[in-house]
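The next block holds one structure in the form of structure tokens; read it before the comments.
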Amino acid sequence: MTATAWWGAIAGVGLAIIVGAYLVAVADRAIASVVAGEPMRSSILAGPARSVALGLVQSRTTTERPDGAAWALAPALYLGLAAAALAVVPLSETLLAADIENGLVLFGAAQALAVIPVFLNGWSPNSILPLIGAFRFIAQALSYEMPNLLALLSVSVPASSLSIHDIVASQHGLWNVVRLPLGLPLFLFAAASLAFWGPMNLPDGADLAGGTQAETSGLHLVAWRAGRAAMLVAAAAMGAAAFLGGWLGPGLPGWAWMVVKTLVLLVLLVGSRHVAARVRAERYVVISWAVLIPLALLNVMIAAVVAL
Amino acid sequence: MIETPLAVDVAFWFFGVASVVTAWLVFRTDSMVRASFYLLASFVNVGVVLLLMRAEYLSLILILMMAGEMAIMAVFMVMFMMNPAGLNPMNMVHQHRASVAGGVATFVALGAVGVFARFPDRPARPTGVTFALGQELLGESMLVFESAGAALLATMIAAIALASSRGRYGQADDGSDAPAFDPDRPFGDAPPRPVASKHEEQAGKEGADDMHDMRNMDHERMA
Amino acid sequence: MSLQGALLIAAALFAVGLYGVLSQQSFVMIMMGFELMVNGSLMATVALWLWAAGGNPKGQVLAIVIMTAMAIEAAMGFALVTTIYRTRKADITEKLRRLKQ
């Protein structure tokens, strides 16, 4: 890669994250007013910008003897992992930030590492409610990780490749959402869990007064929420590439198809917050281990049979 | 010999030294939680070095595996350590001088082997590494690969048998000490706790089963 | 970047791990030491695969076996720690005097 290509890739991923996170915030407000039956106000578009501006001028609160370095690291690491995960997803057949042989494994590794910043964000304030949130998230992460990785793995079998470019190309004619019907729901479940969004929000719930983000404020809180939104964007983009055929589609150019499919999944994920109640922690863990892991294994077996 | 650009050399030494420094900090830090995250940092640094050494798949799998393992380790810290939140100082070492001597001697011996031994100079091809690995795992080395799988299955069964809280003969902690830190009591010589708890005695014979069920529910909720 | 450099770093990782295993009292910290030792041997294996084995994929298979050993060590270690804590309420080695007999 030349230097120009490097800078182009970095700028592209950064832009995708900023625009994507803003879209998540806007979609969240828009879906909330649709569900509540209110008319759409113009404040929906400008609202997120106002929140960011408020965060920038708000003074930071702090706790007694926090681990300051780890606390500051948490949102940066979370955003960085979302960026790394997004970098391997191709926008079109030729437009791709990081074209590596093991793109799928890199995506999985970035998602697995995302446990760490969430735990750090809850542990380092040295405060009780965030700590409970952090431990809840570890229980949650250990439960969704297996279905998530198995669902990701299943798409590499028909493509006989771990490169996401090849995985999209292998869906020419038949998308994975039809070929492996269990894969996309499992993946979306894990995606919502990873960003602890909506029904899967165990660590940051209102019952913990905000959980891991109970003690954060100002710029830190803005970065933390942006990180969650970016993680949703990365997961939606990956879902579009791995299960909905990525850039494949008639008429429109490839990148337009990719954007449309990502937005559809993003609206599904964001909307889940306003139509579904939060699951209880123990029910979540039991469902993950006893129902979703067997389903995910079945999905891998279907993939193996399809690939034969 | 393999010719590499200067940037790769610099990155190699940076991440290599960083992996050793973070490994050292694991045993120097005050807090158990920090120790487990330093260990994770060491693994991620080694992962980057493996990436530079063209073992792309191994490097990413290592990072993926260790992220989950360190999360579990942090939970274990809080379950079993006397300093649950892990923000207070602690220092728990024994035979310190002998350990330092052992570590230094091992480093000198292994380092000397690494530096002075003569290894064959046959560098790997830079491309198609993952593909070749996949062919090997499901081809000639399939027996090795499957044995690893069987060993992991045996480990899962053994670990569940060891750690399961409810066995064939009831709760695993019946008859043992309640898990609490008690500084006055001598280590390891505590008298066993009677099987029936106070609640059950008060509830009488009819209520005993119900109370037992409720206690199990509490265990499940905490898990 | 050279074979010697990689082996030197691997030796340092192994030695730090050994120091931890010998010096720590807490079971979980001892397990961290073991992990570091395995980590060092993993790095040495990959270094030898890259520079001395001509890229034979069997070297990477060995690395995967090492990772499997690491996973087994961690799983069994955690299970044993849980069992010992349940039965003897011990979390450091000094509490296990009865094992001496």
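The sequence lines fix the lettering, A, B, ..., with proteins before strands; numbering per chain opens at 1. As the structure is a prediction and not an experimental result, all values here were calculated from the model.
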Below 4.5 Å from any heavy atom of chain B, which atoms of C:A10 appear? Answer side chain, backbone, both or neither.
neither
So for B:M66, is it side chain, backbone, both, or neither that comes closer than 4.5 Å to the heavy atoms of chain C?
side chain
Give the interface residues of residues 106-113 of chain B toward chain C, defined by a heavy-atom separation under 4.5 Å.
B:T106, B:F107, B:L110, B:G111
If I measure from the heavy atoms of chain B, does C:L18 come under 4.5 Å with its side chain, its backbone, both, or neither?
side chain
Shortest non-hydrogen separation from C:A71 to B:L152 and the atoms involved
CB-CD2, 4.2 Å
C:N56 CG to B:E136 CD distance, which is reported to the nearest 0.5 Å:
6.5 Å
Which bit of C:V65 comes within less than 4.5 Å of chain B, counting heavy atoms only: side chain, backbone, both or neither?
side chain
According to side-chain contact (heavy atoms from CB on, under 4.5 Å), who are the partners of B:A148, at least two apart in sequence or on a separate chain?
C:T68
With C:E73 via salt bridge (Lys or Arg N to Asp or Glu O under 4.0 Å) - residues at least two apart
none
Between C:M76 and B:L162, does the side chain to side chain contact (heavy atoms under 4.5 Å, CB included) criterion hold? Intermediate values first, please.
CA-CA 9 Å; C:M76 289 315 290; B:L162 275 175; 3.8 Å; yes
Counting heavy-atom pairs under 4.5 Å to chain B, which of C:M43, C:Q4, C:Q60, C:M31 comes out on top?
C:Q60
Might you point out which heavy atoms bring C:M29 and B:V26 nearest each other, and give the distance in Å?
CE-O, 3.5 Å
So which of B:S19, B:A158, B:G134 has the largest heavy-atom pair count under 4.5 angstrom toward chain C?
B:S19
Please classify the contact of C:A44 with chain B as side chain, backbone, both or neither, using a heavy-atom distance under 4.5 Å.
neither
According to the interplanar angle, ranging from 0 to 90°, do the rings of C:Y19 and B:F27 count as parallel (below 30°), tilted (30 to 60°) or perpendicular (above 60°)?
perpendicular
Residue from C:L3, C:L62, C:L50, C:V21 scoring the most non-hydrogen pairs under 4.5 Å with chain B is C:L50
Could you tell me which portion of B:Q135 (side chain, backbone, both or neither) has an atom closer than 4.5 angstrom to a non-hydrogen atom of chain C?
neither
Going from CZ on B:F119 to CG on C:L48, what distance comes out if it is rounded to the nearest 0.5 angstrom?
5.5 Å
At what distance, to the nearest 0.5 angstrom, does CE of C:M70 lie from CE of B:M65?
5.5 Å
Let me see the working for B:V115 and C:L7 under side chain to side chain contact (heavy atoms under 4.5 Å, CB included), right down to the final yes or no.
CA-CA 7 Å; B:V115 173; C:L7 288 178; over 6 Å; no
With respect to chain B, which residue among C:N39, C:L36, C:V16 yields the maximal number of heavy-atom pairs within a distance under 4.5 Å?
C:N39
Note: vs chain B, highest number of non-hydrogen pairs under 4.5 angstrom among C:A6, C:G33, C:A52 is C:A52
With a 6.0 Å cut-off (strictly less than), is the heavy-atom count around CD of B:E140, excluding the residue itself, greater than 12?
no
Let me have the donor-acceptor pairs involving side chains of residues 45-64 of chain B, under 3.5 Å, with sequence neighbours excluded, atom names and distances please.
from, atom 1, to, atom 2, distance (Å)
B:N45, ND2, B:A41, O, 3.1
B:R54, NH1, B:A124, O, 3.4
B:E56, OE1, A:N102, ND2, 2.6
B:S59, OG, B:G47, O, 3.2

Choice from C:P57, C:A12, C:A47, C:G17 maximising heavy atom contacts with chain B below 4.5 Å
C:P57
Pick whichever of C:G40, C:A15, C:S23, C:G59 has the most heavy-atom pairs under 4.5 Å with chain B.
C:S23
Of the listed B:V144, B:V100, B:D9, the one with the largest count of heavy-atom pairs under 4.5 Å with chain C is B:D9
Go through B:A11, B:A23, B:G103 and name the one with the most non-hydrogen pairs under 4.5 angstrom from chain C.
B:A23
Under 4.5 Å from a heavy atom of chain B, the part of C:A53 involved
backbone
Bottom line for B:W13: the part with an atom under 4.5 Å from chain C's heavy atoms is side chain
Within this structure, what is the NZ-CG distance for the pair C:K58 and B:L137, rounded to the nearest 0.5 Å?
11.0 Å
Side chain of B:T155, backbone of C:I72: donor and acceptor closer than 3.5 Å?
no
